[in-house]
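To keep things clear, I will list the structure first and then write my remarks on it.
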Amino acid sequence: MISNWLAAALGRRNIHYGWVMVGVTFLTALIAAGTVGAPGVFILPLQKEFGWSTAEISSALSIRFILFGLMAPFAAALMNRYGLRNVTLTAQLIVVSGLLASLAMTQVWQLVLLWGVVIGIGTGMTALVLGATIAARWFVAQRGLVIGIMTASVATGQLVFLPLLATLTERFGWRIALSLVCVVLGVSAFLVLLVMRDRPSDVGLRPFGDTGKEPLPAPTPSNAPIMAAALGTLRDASKSPVFWILFATFFICGASTNGLVQVHLIPMCLDFGIPQVQTASLLAAMGIFDFFGTIISGWLSDRYDNRWLLFWYYGLRGLSLIFLPFTDFSFYGLSLFAMFYGLDWIATVPPTVRLTAQSFGAERANLVFGWIFAGHQLGAGAAAFGAGLSRTVYASYLPAFFIAGALCLIAASIALAIKRPVLKAAVAAA
């Protein structure tokens, strides 16, 4: 088997196979980020071709964001029962099917079904819980750094895909750009099939940083029904105030990133006369800053109080969103916004994952984080629809950006209400 041969070859060079898992997961999440972020480039072409309003298109994107999040806890249960590779391959097949079918869509209901429901479910089957699961299973040391690296794939996905998709859309149309995403998804699925494995024991290893000598116990079989595992975890975790604080802050995180900036920054800048390709490049610049910001955040979360990290991340993000309307959308002003906002776009993920694992235990961390991530995507869905509605009703996106900035300042304050993490016995084991 290729994975066993590769693990042995890397072992001779003192390289743990867990880093291969990080690499393939990084690529998978990178392409998923491109798939989730791509519709921001396609809003105007769809309006021109079909005459759909911003609110109609935003409703489909809102459904996708919500399903992307609501699938997360069930995806974690699916991974625990059927394995990382099987669930990841199934998710990629669903996404490719939805994208290929959307090439022939002509009605709004088809957009809602394919880009909202199908792609929302497919991308939600991996989402951030895939990275959280791999960090928990494959790493004992440097978990925060690993989560930071894999989370940074979202920024890299923007960096790689959005300017390219914007250029292809402008020159050849949105269908050609979407076809490219399908091809790259196929390449990613092939790599997942070759090298992704469920646990270190599958390739004869211990988790990275585990120096124990005793044989590792076999993982407990997960035979509970998927719904029971996911909903049981929600029932237990919801008894803890920490869960609700993390859920609320992550709701605001989604409302101030994916649902707002990722979807609506391009059409908002077009309102101010900035070309689409130039705005996509601005998002790519944010991606560069966020790539480094998120990795640094992972490094910091291994060393400092994660509650204070969340305070600073949300506070600075809120100030940057409030500052944006006062930039006059000049090159200097937008560049300053891209730097400050980009540095902590998703820097909140590593400390949130670590607080989840510390508070609820490593075995159920992916399930609990799945529900917290559902809050993130509910916020993204609300912002995606709300900002589109603001543009349709008030002919401006600016109210949505002011509201998101104010919410971030609230998130910064409530993050400090989290007590120092203590393992919760109520959710320590299923």
Side-chain angles (χ1 to χ4, degrees), residues 15-30 32-33 72 76 84 126-160 200 207-210 242 246 249-250 253-254 256-258 286-317 339-362 365-366 368-370 372-373 376 411-412 415 418 420-421:
I15 300 174
H16 195 275
Y17 194 82
W19 296 109
V20 174
M21 294 292 295
V22 171
V24 71
T25 305
F26 183 96
L27 178 63
T28 300
L30 179 150
L84 300 177
T126 53
L128 289 180
V129 296
L130 177 60
T133 303
I134 288 173
R137 289 185 183 179
W138 285 80
F139 290 84
V140 172
Q142 300 186 12
R143 278 182 183 167
L145 177 61
V146 169
I147 294 168
I149 292 172
M150 290 191 287
T151 306
S153 61
V154 176
T156 309
Q158 289 180 178
L159 174 65
V160 172
F208 179 82
D210 185 343
V242 174
L246 293 176
T249 55
F250 234 40
C253 181
S256 57
T257 54
N258 302 59
M286 292 181 194
I288 295 174
F289 287 111
D290 184 52
F291 177 83
F292 293 104
T294 305
I295 292 176
I296 293 170
S297 173
W299 183 85
L300 290 172
S301 68
D302 285 329
R303 291 162 174 80
Y304 298 102
D305 190 330
N306 288 266
R307 303 168 305 155
W308 279 99
L309 291 178
L310 290 179
F311 170 82
W312 286 107
Y313 295 159
Y314 283 117
L316 291 173
R317 183 189 299 174
M339 180 178 69
F340 279 100
Y341 181 86
L343 280 172
D344 81 351
W345 179 309
I346 47 176
T348 54
V349 175
T352 300
V353 172
R354 283 189 61 85
L355 285 169
T356 302
Q358 291 167 359
S359 299
F360 300 101
N366 63 345
V368 177
F369 180 71
I372 294 170
F373 182 70
H376 184 281
I418 300 174
R420 289 191 178 276

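- Taking every heavy atom of both residues into account, A135 and V146 meet most closely at CB-CG1, 4.1 Å.
- The side chain to side chain contact (heavy atoms under 4.5 Å, CB included) test with L145 singles out one residue from L300, D302, I296, and that residue is D302.
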Next item on the list: Would you sort out whether T352 and H376 count as a side chain to side chain contact (heavy atoms under 4.5 Å, CB included), showing the intermediate values?
Entry: CA-CA 11 Å; T352 300; H376 184 281; over 6 Å; no

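- Rounding to the nearest 0.5 angstrom, the gap separating the CG atom in L84 from the CE atom in M21 is 5.5 Å.
- Counting heavy atoms from C-beta outward, F26 and I149 have side chains that approach closer than 4.5 Å.
- The 12-atom threshold is exceeded at CH2 of W19, counting heavy atoms of other residues, nucleotides or ligands nearer than 6.0 Å.
- Here the shortest heavy-atom pairing between T294 and A347 reads OG1-N, 3.9 Å.
- We find the CG-CD1 distance between L310 and I418 to be 6.0 Å, quoted to the nearest 0.5 Å.
- When atom types are taken as modelled, the side chain of S297 and the backbone of G293 share no donor-acceptor pair closer than 3.5 angstrom.
- For the atom pair CD (Q358) and CG (N306), the distance works out to 6.0 Å, reported to the nearest 0.5 Å.
- With hydrogens and angles disregarded, no donor-acceptor distance shorter than 3.5 Å links the side chain of T25 to the backbone of V22.
- Using a 30° and 60° split on the angle between ring planes, H16 and F208 fall in the perpendicular class, above 60°.
- Under the 30°/60° scheme for interplanar angles, the aromatic rings of W138 and Y17 are found to be tilted.
- Residue G209 comes nearest to V140 through the heavy atom pair C-CB, 4.1 Å, listed as atom of the first residue, atom of the second, then distance.
- Atom CG of L309 sits about 11.5 Å away from atom CZ of R303, to the nearest 0.5 Å.
- Taking CD1 from I372 and OG1 from T356, the interatomic distance works out to 3.5 Å, rounded to the nearest 0.5 Å.
- Closest heavy-atom contact between P351 and Y313: CG-CE1, 3.9 Å.
- In terms of heavy atoms, F369 sits closest to V349 at CZ-CG1, 4.4 Å.
- In this structure, W308 and F311 have perpendicular ring planes: the angle between them is above 60°, well past the 30° mark.
- Here the closest heavy-atom approach between residue T257 and residue C253 is recorded as OG1-O, 2.7 Å.
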